[in-house]
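Below is one structure, written out as structure tokens, with a few remarks after it.
Please read all numbers here as calculations on a predicted model, not as lab measurements. Hydrogens, waters and symmetry mates play no part in the numbers below; they use all other heavy atoms, side chains included.
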Amino acid sequence: GAERYFTRWYKPDVKGRPCEDFCVLQHSNRRICVITLAEAHPLLQSGKTIKNINYQISANCSRLQNKVSGKSKRTCLFIFQMQGAQFLTELAPLCRISSSDGEEYTIYSCIRGRLIEVNENILSNPALLQEKPSTEGYIAVVLPKFEESKSITQGLLTQKEYEEVLLKRRSSAS
């Protein structure tokens, strides 16, 4: 369903960290967005094993404490009266992921909006992040403000533009 109902947008080198790329899957209704790792993210490269995923951002902020209430909160097309959802900026951290080689990666929202849910399934099965990053291994679901829903893709790359970035990286590495 991800290919049929979602458009892929990319944010490469977030916060100046090479290859730490994220993908924003924007639903065809132009509002709901799913945050995932992009194909070139170091965690998706061979040889990486995920050791830990932590949604505790700071002493006072845990994404696991995000509780959304309101009418039809689980229906993608009919989200009304959301209360309690954490507001995220483009560079708001969603979680931190540690790999077995000692590297730690901060995963960012990449878009402004309300945090609808985090994927708690990856806590018990972190391999989902690597095996199915665009489906069951997603990081979080974010709902942009209605008035910003058409402009949230500003600063993000299309699939074609992202492929060009990847080609440039490969050619400069050669």
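Rounded to the nearest 0.5 angstrom, Glu90 CD and Lys15 NZ are separated by 12.0 Å. Separating the SG atom in Cys95 from the CG atom in Asn54 is a distance of 8.5 Å, to the nearest 0.5 Å. Once rounded to the nearest 0.5 Å, the distance linking CG of Leu25 with OG of Ser134 reads 5.5 Å. Separating the CD1 atom in Ile111 from the CD atom in Gln26 is a distance of 8.0 Å, to the nearest 0.5 Å. Taken to the nearest 0.5 Å, the CD1 atom of Ile97 stands 4.0 Å off from the CD1 atom of Ile107. Atom-to-atom distance recorded for Ile50:CD1 and Asn125:CG is 9.5 Å, nearest 0.5 angstrom.
In this structure, the side chain of Asn52 does not engage the main chain of Ser98 through any donor-acceptor pair within 3.5 Å. Between the side chain of Arg96 and the backbone N or O of Ile57 there is at least one donor-acceptor pair closer than 3.5 Å. Judged by distance alone, with hydrogens and angles left aside, the side-chain atoms of Asp13 form a donor-acceptor pair with the main-chain N or O of Cys19 at under 3.5 Å. Side-chain atoms of Asn119 come within 3.5 Å of backbone atoms of Glu136 as a donor-acceptor pair (strictly under, hydrogens ignored).
At least one side-chain heavy atom of Leu115 sits less than 4.5 Å from a side-chain heavy atom of Leu94. Within the 4.5 Å cutoff, side-chain heavy atoms of Glu39 are placed close to those of Tyr162. Counting heavy atoms from C-beta outward, Leu157 and Pro12 have side chains that approach closer than 4.5 Å. Between Leu123 and Tyr55, some side-chain heavy-atom pair lies under the 4.5 Å cut-off. Inter-residue side-chain proximity for Lys51 and Ser99 is flagged as unmet; no heavy-atom pair is nearer than 4.5 Å. At a threshold of 4.5 Å between non-hydrogen side-chain atoms, the residues Trp9 and Thr158 count as touching. Put simply, the side chain of Glu120 reaches to within 4.5 Å of the side chain of Val118, judged on heavy atoms. When side chains are defined from C-beta on, Arg8 does not count as touching Phe6, because their heavy atoms never get closer than 4.5 Å.
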### Task
Show your reasoning for whether side chain to side chain contact (heavy atoms under 4.5 Å, CB included) applies to Asp21 and Val14.
CA-CA 6 Å; Asp21 305 345; Val14 174; over 6 Å; no
### side chain to side chain contact (heavy atoms under 4.5 Å, CB included) evaluation trace for Leu88 with Arg63
CA-CA 11 Å; Leu88 305 171; Arg63 300 299 182 208; 3.6 Å; yes
### Query
When you look at Glu163 and Tyr10, which way does the side chain to side chain donor-acceptor pair (under 3.5 Å) test go after all the steps?
CA-CA 10 Å; Glu163 288 169 2; Tyr10 293 89; over 6 Å; no
### Task
For Tyr138 and Glu117, run side chain to side chain contact (heavy atoms under 4.5 Å, CB included): C-alpha distance rounded to whole Å, both residues' side-chain angles, the deciding distance at 0.1 Å, then the answer.
CA-CA 11 Å; Tyr138 71 95; Glu117 71 176 45; 2.4 Å; yes
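Pairing each heavy atom of Pro126 with each of Ile53, the nearest pair is CB-CD1, 3.8 Å. Residue Gln86 comes nearest to Cys61 through the heavy atom pair OE1-SG, 4.4 Å, listed as atom of the first residue, atom of the second, then distance. The minimum heavy-atom distance between Gln130 and Leu43, with the atom names listed, is NE2-O, 2.9 Å. Closest heavy-atom contact between Ala85 and Arg114: O-NH1, 3.1 Å.
Taking Phe22 as the reference, His41 meet the ring pair (Phe, Tyr, Trp, His ring centres under 6.0 Å) condition, with sequence neighbours excluded. For Glu20, the side chain to side chain donor-acceptor pair (under 3.5 Å) test picks out Arg17, with sequence neighbours left out.
For the side chain to side chain contact (heavy atoms under 4.5 Å, CB included) test with Val165, the passing option among Glu161, Arg169, Lys168 is Arg169; the others fail. The one candidate from Val142, Thr89, Val24 that meets the side chain to side chain contact (heavy atoms under 4.5 Å, CB included) condition with Cys110 is Val24.
Salt bridge annotation for Asp101-Lys48: present, with a cationic side-chain nitrogen under 4.0 angstrom from a carboxylate oxygen.
Under the 4.5 Å side-chain heavy-atom criterion for Ile, Leu, Val, Met, Phe, Trp and Tyr, Leu156 and Leu166 are members of distinct hydrophobic clusters.
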